[in-house]
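Bear in mind the structure is a predicted one, so any value in this text is a computation, not a measurement. Residue numbering restarts at 1 for every chain, and letters A, B, ... go by the order of the sequence lines.
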There are 2 protein chains.
Amino acid sequence: MKIYDVENFPNPLRVRVALAEKNALNSVTFIPVDLMNGEHRSPEFLARNPGAGVPVLELDDGTYISECTAITEYIDHAFEGPSLTGNTPKERAVISMMQSRAESMVLDAIATYFHHGTDGLGPELETYQNKEWGQKQREKAIKGLEYFNSVLAGQEFIAGDTFTVADITLWSGLVFGGFCEVGIPSELTNLVKWHEKVLARPSIAA
Amino acid sequence: MKIYDVENFPNPLRVRVALAEKNALNSVTFIPVDLMNGEHRSPEFLARNPGAGVPVLELDDGTYISECTAITEYIDHAFEGPSLTGNTPKERAVISMMQSRAESMVLDAIATYFHHGTDGLGPELETYQNKEWGQKQREKAIKGLEYFNSVLAGQEFIAGDTFTVADITLWSGLVFGGFCEVGIPSELTNLVKWHEKVLARPSIAA
């Protein structure tokens, strides 16, 4: 199994943390993608992922899987260990819903703010920017953080009382926030506590 | 099991078609949401789905599930019949990936074009519009259709040789396209053929 990625980028981190939670980091060969020099837009890379994003998982039979949600789901099913995506239909649905919300309300909103509302990856890579849209997405992300703070008033983790892919996705949104000064407002104390707890997990602290 | 929705809206249709594929439409009570008069933004509705979108599934134990991907996944696991989300880790990953692409490359792009690049649901409901972003999303959707046409050069359906949630999602994107004049360009012949085949399925034709 191979993963094409950029170490420490938010979406690649989602996959690496899922692997670490499954104690399976050693089962994968990581192949760095030179994103800053546009390798993700080369014909070779686009054949692996027409969406031009990292990470991409290559299975041993040559199948390419992109889209982080699909990759982390694959990892969860392919390796032993506590489930990150749920076991019963209801657990799976709740985790899937909360992960979708973590993506749309925080991670994707911050990513769009980064690429449109700030200099992003610089003028050569950011070929189209819409500043106003970027700013709106920043506001959306802050509202998203407020929402998750309210969720955490009644439970330990984003999708209930166990750590799941939904927590990984929200955490990676905050990693992205670190690139563009979107942090947790200090009054969101449930979220601050959750963040500390998540940062202390061996899969993330290591 | 209850579903709060608006009949014939694109995302609600995804759930209704998934139920029809499972022969389970009669297992659900549908409760109409008066979206045109803003019921989806009422405190009662926001308690069911803070994202203010339809559909929302209410389980018999009172749990609310929103986000269409989560709802269709629940339906697939809760009812008998051919799998719409895959059985093996690899099948699941491929279907999940292709469904994510159908969402981001077509359905979500067309939805954003509709709400920002056209009059959308009218001035009372469209409280913020970004016309330029809307137009860009229209361009993205057309490129997405070109991508799926290329995928269909080698296989019967979006995620392989069986009908899955990825097909439902792409089809619902085209339903949305019908609201804002985004259709399949006639030169995309693989996609045109796929569309005819999908429209003839009993779950959709009925």
Side-chain angles (χ1 to χ4, degrees), chain A residues 46 49-51 53 56-57 59-61 63-79 85-101 103-105 108 112 116 128-137 139-140 143-144 146-148 150-151 159, chain B residues 46 49-51 53 56-57 59-61 63-79 85-105 108 112 116 128-137 139 143-144 146-148 150-151 159:
Chain A
L46 291 173
N49 178 12
V56 176
L57 171 67
L59 303 184
D60 292 341
D61 70 0
T63 303
Y64 292 110
I65 305 292
S66 57
E67 307 297 335
C68 255
T69 299
I71 298 174
T72 51
E73 196 181 346
Y74 181 85
I75 289 165
D76 193 40
H77 295 134
F79 297 102
T85 59
N87 291 311
T88 67
K90 180 180 156 181
E91 281 173 12
R92 288 186 195 180
V94 169
I95 294 167
S96 173
M97 170 179 73
M98 295 309 280
Q99 167 153 275
S100 285
R101 288 182 181 164
E103 278 190 329
S104 66
M105 297 169 90
D108 292 351
T112 304
H116 288 271
Y128 168 71
Q129 290 198 304
N130 185 318
K131 292 272 178 206
E132 185 188 300
W133 186 258
Q135 285 300 332
K136 278 278 170 187
Q137 295 302 303
E139 292 167 24
K140 181 179 176 176
K143 281 194 192 140
E146 290 166 2
Y147 163 71
F148 284 109
S150 72
V151 166
Chain B
L46 291 172
N49 178 12
V56 177
L57 170 68
L59 303 183
D60 292 341
D61 70 359
T63 303
Y64 292 110
I65 305 291
S66 57
E67 307 296 334
C68 255
T69 298
I71 298 174
T72 52
E73 197 181 345
Y74 181 85
I75 289 166
D76 193 41
H77 294 134
F79 297 102
T85 60
N87 292 308
T88 67
K90 180 179 154 182
E91 281 173 11
R92 288 185 195 182
V94 170
I95 294 167
S96 173
M97 169 179 74
M98 294 309 280
Q99 167 153 273
S100 286
R101 288 184 181 162
E103 278 189 330
S104 66
M105 296 168 90
D108 292 353
T112 304
H116 288 271
Y128 168 71
Q129 289 198 302
N130 186 319
K131 292 271 178 205
E132 185 188 300
W133 185 258
Q135 286 299 333
K136 278 277 171 189
Q137 295 303 304
E139 293 166 24
K143 280 192 191 140
E146 290 166 0
Y147 163 70
F148 284 110
S150 72
V151 166

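The two residues B/Trp133 and A/Thr112 come nearest to each other via the heavy atoms CH2-CG2, 4.4 Å. Between B/Ala70 and A/Ala93, the shortest heavy-atom distance links the atoms CB-O, 3.5 Å. Smallest separation of non-hydrogen atoms from A/Pro50 and B/Tyr147: CG-CE1, 3.3 Å.
Between chain B and the options A/Asp108, A/Thr72, A/Asn49, heavy-atom pairs under 4.5 Å are most frequent for A/Asn49. Ranking B/Thr69, B/Leu57, B/Thr63 against chain A, the residue ahead of the rest is B/Thr63, based on heavy-atom pairs under 4.5 Å.
Only the side chain of B/Lys136 comes within contact range of chain A, with at least one heavy atom under 4.5 Å from a heavy atom of that chain. Proximity to chain B (any heavy atom under 4.5 Å) is restricted, for A/Asp61, to the side chain, taken from C-beta onward. Proximity to chain A (any heavy atom under 4.5 Å) is shown, for B/Asp76, by neither the backbone nor the side chain. For a residue to count as touching a neighbouring chain, one of its non-hydrogen atoms must lie under 4.5 Å from one of that chain's; by this rule B/Ile65 touches chain A with backbone and side chain alike. The contact between B/Tyr64 and chain A is made entirely by backbone atoms, counting heavy-atom distances below 4.5 Å. Proximity to chain A involves both the backbone and the side chain of B/Ser66, based on heavy atoms less than 4.5 angstrom apart. Only the side chain of B/Glu73 has a heavy atom closer than 4.5 Å to any heavy atom of chain A.
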* To do: Show your working on side chain to side chain contact (heavy atoms under 4.5 Å, CB included) between B/Arg92 and A/Thr85 and close with a plain yes or no.
  => CA-CA 12 Å; B/Arg92 288 185 195 182; A/Thr85 59; over 6 Å; no
* To do: Apply the test side chain to side chain contact (heavy atoms under 4.5 Å, CB included) to residues A/Tyr128 and B/Glu132: give CA-CA distance (whole Å), side-chain angles for both, the deciding distance (0.1 Å), then the verdict.
  => CA-CA 11 Å; A/Tyr128 168 71; B/Glu132 185 188 300; 2.5 Å; yes
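Note that the CD atom of B/Glu103 and the OG atom of A/Ser104 stand 10.0 Å from one another [nearest 0.5 Å].
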